[in-house]
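Hydrogens, waters and symmetry mates are skipped; everything else that's a heavy atom, side chains included, is used.
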Amino acid sequence: MEVQIKSNNTWIMRSILTQRATITYFEDDWNSMLEQGAVTSWYKLLMHNYARPRAKLIFWLACHDRLATKSRLVKMGMLKDSKCSFCSNVETIQHLFFECEEMRKLWCTILKWIQMDHAPNNWDEELSWINKFGRGKGWKAALLKLAAAETVYRAWALRNNRSFGTQCDSSFIAQDIIDKIVLRG
């Protein structure tokens, strides 16, 4: 903190040294520099999750309720129809993951594969359940977190394919998710 600024210092060194007063000011009150945000219950589901980065991103967006579901797009004036791509209900995060019958079957298949006896509910309850059983450092917790992220990602990709008219065989989706889990695990 006592180093003198010299004319032969690089521009970056001079810039750093001129900020000493600011640094000294914040030394006593470091917390004032940190943004205080709400702590979510699901943030640990993303920590030490071995899912692919794209799967974790979609999972994170779903947890924040920021995926572009049809109901959100209708609210933004971008669509007129909010009907689910798989059934006749309104497509929301709550519905799509895991109330929709086709997505529910997909999640049940994955849960059966990882040997977890659980009947899926709606998105919030599932997130709470995954958070409860995804804690810890054991392989079963790690597998559940990985499976949740990969399933949400693949279900979202299937939804997008259906929404945009891309023909895809949904009978192989569960096996595709399992293959990704095995490769990542």
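Here the side chains of M103 and L96 are in contact, with some heavy-atom distance below 4.5 Å. In this structure the side chain of S128 never reaches within 4.5 angstrom of the side chain of F133, judged on heavy atoms. Two residues are said to be in side-chain contact when any heavy atoms from C-beta on lie closer than 4.5 Å; L127 and F59 meet this criterion. Side-chain contact between K44 and R135 is absent, with no heavy atoms from C-beta onward closer than 4.5 Å. For the pair H95/V90, no side-chain contact is recorded, criterion being any heavy-atom separation below 4.5 Å from C-beta on. No side-chain heavy atom of E101 sits less than 4.5 Å from a side-chain heavy atom of F86. Side-chain contact between L111 and F98 is absent, with no heavy atoms from C-beta onward closer than 4.5 Å. Residues E126 and N122 are not in side-chain contact: their nearest non-hydrogen atoms beyond the backbone lie 4.5 Å or more apart.
For the atom pair NE2 of H118 and CH2 of W129, the computed distance is 4.5 Å after rounding to the nearest 0.5 Å. The CG atom of L46 lies 6.0 Å from the SG atom of C63; values are rounded to the nearest 0.5 Å. Put simply, NZ on K56 and CG on L61 are 13.5 Å apart, with the number rounded to the nearest 0.5 Å. Note that CG of L158 is 9.0 Å distant from CD1 of I177, once rounded to the nearest 0.5 Å. One distance of note links CG of D176 with CZ of F172; it measures 10.5 Å at 0.5 Å rounding. For the atom pair OG (S71) and CD1 (I93), the distance works out to 8.0 Å, reported to the nearest 0.5 Å.
K140 places a side-chain N or O within 3.5 Å of a backbone atom of Q115 that can act as its donor or acceptor partner. Between the side chain of S15 and the backbone N or O of W11 there is at least one donor-acceptor pair closer than 3.5 Å. Between the side chain of N49 and the main chain of L45, a donor-acceptor pair closer than 3.5 Å is present.
N8 CG: more than 12 foreign heavy atoms inside a 6.0 Å radius. Other residues, nucleotides and ligands contribute more than 12 heavy atoms inside 6.0 Å of the CE atom of M76.
Between F97 and W156, the angle of the ring planes lies from 30° to 60°, which puts this pair in the tilted group.
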What do the steps show when you test Q94 against D124 for side chain to side chain contact (heavy atoms under 4.5 Å, CB included), and what is the final call?
CA-CA 7 Å; Q94 286 289 338; D124 288 335; 2.5 Å; yes
Are K180 and Q175 close enough, and set up right, to give a side chain to side chain contact (heavy atoms under 4.5 Å, CB included), and what steps lead you there?
CA-CA 9 Å; K180 296 297 188 253; Q175 188 58 49; over 6 Å; no
Verify side chain to side chain donor-acceptor pair (under 3.5 Å) between T69 and T92, making sure each step is shown before the conclusion.
CA-CA 6 Å; T69 58; T92 62; over 6 Å; no
Determine, stepwise, if the pair W42 / H64 fulfils ring-ring contact (aromatic ring centres under 6.0 Å, His included).
CA-CA 10 Å; W42 50 261; H64 276 290; 5.0 Å; yes
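Minimum heavy-atom separation, K145 to G134: CD-O, 3.5 Å. When all heavy atoms of A147 and I110 are compared, the closest pair comes out as CB-CG2, 3.9 Å. Nearest heavy atoms, A68 versus L73: O-CD1, 3.6 Å. Heavy-atom minimum distance, S85 versus S163: OG-OG, 2.8 Å. Contact between E125 and N121 at its shortest, heavy atoms only, is OE1-CB, 3.0 Å.
One hydrophobic cluster holds both I178 and M116 under the rule that ILVMFWY side chains link at heavy-atom gaps under 4.5 Å. In the hydrophobic clustering of ILVMFWY residues, with side-chain heavy atoms under 4.5 Å counting as a link, V182 and I173 come out together.
A salt bridge does not link E91 to R72: none of the charged side-chain nitrogens sits closer than 4.0 Å to a carboxylate oxygen. Comment: E99 does not engage R104 in a salt bridge, judged by the lack of any side-chain N to carboxylate O separation of less than 4.0 angstrom. Between D81 and K70 there is no salt bridge, since no side-chain nitrogen of the basic residue lies less than 4.0 Å from a carboxylate oxygen of the acidic one.
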